[in-house]
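Just so you know, these numbers use all the heavy atoms, side chains as well, and skip hydrogens, waters and symmetry mates. Every chain is numbered from 1, with letters handed out A, B, ... down the list of sequences.
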There are 4 protein chains.
Amino acid sequence: MPTIKTTPEAILRSSWSLFHERGYKNTSLQQLADAAGLGKAGLLHHFGSKAGLMHAVIEYGIEWYRTRVLSIARGEGTIAERLTAILERQFQLVQLNDGGGCFFANMILETGDGAFAEGLVHFYKEWNTTVTTLLAEKFPAEEAKERAYRIFVDYEGSVMLFKLYKDTSHLTRFVSRTIAGLETPLNF
Amino acid sequence: MPTIKTTPEAILRSSWSLFHERGYKNTSLQQLADAAGLGKAGLLHHFGSKAGLMHAVIEYGIEWYRTRVLSIARGEGTIAERLTAILERQFQLVQLNDGGGCFFANMILETGDGAFAEGLVHFYKEWNTTVTTLLAEKFPAEEAKERAYRIFVDYEGSVMLFKLYKDTSHLTRFVSRTIAGLETPLNF
Amino acid sequence: MPTIKTTPEAILRSSWSLFHERGYKNTSLQQLADAAGLGKAGLLHHFGSKAGLMHAVIEYGIEWYRTRVLSIARGEGTIAERLTAILERQFQLVQLNDGGGCFFANMILETGDGAFAEGLVHFYKEWNTTVTTLLAEKFPAEEAKERAYRIFVDYEGSVMLFKLYKDTSHLTRFVSRTIAGLETPLNF
Amino acid sequence: MPTIKTTPEAILRSSWSLFHERGYKNTSLQQLADAAGLGKAGLLHHFGSKAGLMHAVIEYGIEWYRTRVLSIARGEGTIAERLTAILERQFQLVQLNDGGGCFFANMILETGDGAFAEGLVHFYKEWNTTVTTLLAEKFPAEEAKERAYRIFVDYEGSVMLFKLYKDTSHLTRFVSRTIAGLETPLNF
DNA sequence: TATGAATGAGCATTCATTCAT
DNA sequence: TATGAATGAATGCTCATTCAT
């Protein structure tokens, strides 16, 4: 077994951070390599190409969300408590990296050519399924699905304004109206 | 009177289109110049730098919105009619340039360093003021402001999903629930 | 009219020399640019790519042969005199650039993928046509064609041995037997 | 006794093939290693360096020629029969590897710096000695030597044209005139 | 107003090679 | 004997920008 100086996970973590903060195109392999603590060639040895690294980072990010954020949905507490916990956990990510906003939303809007579309869709589907399941404890299936959809849309729009103004009130207002909305009938 | 080959406005129009479709960083001066029908040096002669061109494009975009989209608010018809007209006019832009989404949202999320934040804030403020004024015909001032805010957030989130899936149903569903929402009490 | 520091012809001349001496793959843009007296980006500004430069160099080499070597065929003197003059003029090129051999033969054998095959075929055809025409002054058309073909084959084989041994006797022996061969019947 | 996955000879065979097809500079250690079925480091473990591998390949190629091609000279049949057999055996090699031509000629013309000159000279000397000996059965020593020399030169020139045009008629015409030439007096 | 030449920094990627295991 | 990790230099090429004309 050869010497491993830098674990792949550490590379993914630092790369995620950089992509989040600076965007895909605007982050160079040099910066990625410096942050990971090895040379450019070493990075490519592990991931083949910058795009390959990005794919791995997206998968890593999805896994991170799954185990650290979305898992809350299957925990204890009322629906409102669990939903609040999920959203606030997400806000920690959103505020990281110089207020970088939502990593996945950034990537969706930047990489319009669709090179990473599959991975990004995967993220959305997992998020949506989890929250829909959570809301289905209280609402009929169809309504739960629509509510989860609207929360997601509201969330991404709010994060965009947070990123523009660097003002967290856009995030807290979002949580307030989301939780309050649970007690309001939905017209659809 | 010498021949005018390329008017500044034509340059701004083609540049807007390119920035919209490909993003700021991912669009090169070469591409911008080709699209505008003059040399790179000619472009820079007019706008000083790529960033200078971008600033001008943002101003041009705001002006475009003002005269072509937001002006509808001060036209004739019911509130619902005028709001629908505004949103559908925006969708034309959103679907342009290979389904490029919202130019302003793209720029907000891509150019995280804030170099163009001022112009982008300017766009949001103008949009928000106009729609707030429109809704104030029917709702109290504070409620009108909150409703305009929520529509904007919902709009940007929906556009993001449209861009991810290249599916216009995300846009039509947004209009439906926005118009329907005008008849529903707002809890805030 | 902008300032021209380096004429395209000067670039082609220095590049030809380098490709001749070191081969296509083994010559870097850096070396080419240094030899031409401008930066890598300046080189590419003129020729688009390394392959584009190579194409231009091949055309330049063909033109050089046409005006400086093959033109002798339409000059004065006996057939033997003109043929000798042509071959000896070629030897000057062959011995240039550290005994680099025949530029065209080198490129044919190195760039086997056929990227430059068209230009190289062009060279051979022009050479062949010229020498065939020269020999047709003395021999029937078909025989002239066959003799030109054999001279070319013999020439390239001889140059290869010259390059291997760095010994010009391979070239002088080739001229001797070629000229002597003009007085010998051809069996074919 | 441990399992032998890759014999050195198998490595040399696959490497020969690659160098033949793609040239020395244009073949990477990665490709060599992939073709040989082991890692880059494994290859270097056996041969020290890429150049070391090349030296071994040249020796292997010479040995191959000796036992598989030139040995025919000491077999049975008329001189013309044996010479034809040798040349046609060579053509099989020439047409291998995507019509790669003569491996040794390619290397002579590509590696102009002379790093492998010794090995390549070795090949030529062995070929020349063998064919000279064969022809000495019919011609005086000096004439046999000259005839062998001319056949070699003619051969390499013909292979070059074959490689340029991917047309085997250049090879068959060469054999025809070589065999016919055995019955024609030589002027030298 | 607009050009084409030129630049220097930076890009992602490939290279042969080293080394601990 | 053979591996995978890692490296540093070099590759062809693109970038925004400058400048004389």
The side chain of [X] is closest to which nucleotide in this list: [options]?
X: C:Q30; options: F:dT1, F:dA6, F:dT11; value: F:dT11
X: B:K40; options: F:dC13, F:dT7, F:dA16; value: F:dA16
X: C:K50; options: F:dC19, E:dT13, F:dG12; value: F:dG12

- Would you give the length of the straight line joining atom CD1 of A:I58 to atom CD of A:E63, rounded to the nearest 0.5 angstrom?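 It comes to 14.5 Å.
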- Message: As an exercise, state the distance from CG of B:L18 to CZ of B:R13, rounded to the nearest 0.5 Å.
- Response: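 Answer rounded to 0.5 Å: 14.0 Å.
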Just how far, in rounded Å, is [atom2] of [N] from [atom1] of [X]?
X: C:L29; N: E:dT7; atom1: CG; atom2: P; value: 14 Å
X: D:L44; N: F:dT7; atom1: CG; atom2: P; value: 18 Å
X: D:K25; N: E:dC15; atom1: NZ; atom2: C1'; value: 9 Å
X: B:N26; N: F:dT14; atom1: CG; atom2: P; value: 14 Å
X: A:L43; N: E:dT14; atom1: CG; atom2: P; value: 14 Å
X: D:L32; N: E:dA16; atom1: CG; atom2: P; value: 8 Å
X: B:D34; N: E:dG4; atom1: CG; atom2: C1'; value: 14 Å
X: B:R22; N: F:dC15; atom1: CZ; atom2: C1'; value: 13 Å

- Task: For DNA chain E, just give me the dot-bracket, please: Watson-Crick or G-U, both distances below 3.5 Å, ( ) intra-strand, [ ] crossing earlier pairs, | paired with another strand, . unpaired.
- Result: .||||||||||||||||||||
Look at the side-chain N and O atoms of [X] and state whether any lies under 4.0 Å from the OP1 or OP2 oxygen of [N].
X: C:H45; N: E:dT7; answer: no
X: D:H46; N: F:dA2; answer: yes
X: D:S28; N: E:dC15; answer: yes

- Message: Holding to salt bridge (Lys or Arg N to Asp or Glu O under 4.0 Å), I want the full list of residues that pass it with A:E59, two or more places apart in sequence or in another chain.
- Response: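 Partners of A:E59 by the salt bridge (Lys or Arg N to Asp or Glu O under 4.0 Å) criterion come out as none, since no residue qualifies.
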- Looking at every strand, decide which applies to C:G39 at a 4.0 Å heavy-atom threshold: base, sugar-phosphate, or nothing.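 Sugar-phosphate: the residue C:G39, judged by heavy atoms under 4.0 Å, touches backbone atoms but no base.
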- Item | Position toward the 5' end of DNA chain F (nearest nucleotide), C:Q31 or C:G48 |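 It is C:Q31, whose closest nucleotide lies nearer the 5' terminus.
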- Task: Could you tell me whether a side-chain N or O of D:S14 sits under 3.5 Å from a main-chain N or O of D:I11, the two making a donor and an acceptor?
- Result: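 It does hold such a pair.
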- Task: Nearest-nucleotide wise, let me know which of B:G42 and C:L38 is further upstream toward the 5' end of DNA chain E.
- Result: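 So the residue in question is B:G42.
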- Query: Is it true that A:F123 and A:Y65 have ring centroids separated by less than 6.0 Å?
  - Reply: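 Yes, the ring centres sit under 6.0 Å apart.
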- Message: Check for me whether A:K25 meets the cation-pi criterion with B:Y24, that is, NZ or CZ under 6.0 Å from the six-membered ring centre and within 45 degrees of the ring axis.
- Response: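 No cation-pi geometry.
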- After noting the C-alpha distance and the side-chain angles of C:E9 and C:Y60, does the key distance pass the side-chain contact (heavy atoms from CB on, under 4.5 Å) rule? CA-CA 8 Å; C:E9 196 191 329; C:Y60 178 76; 3.3 Å; yes
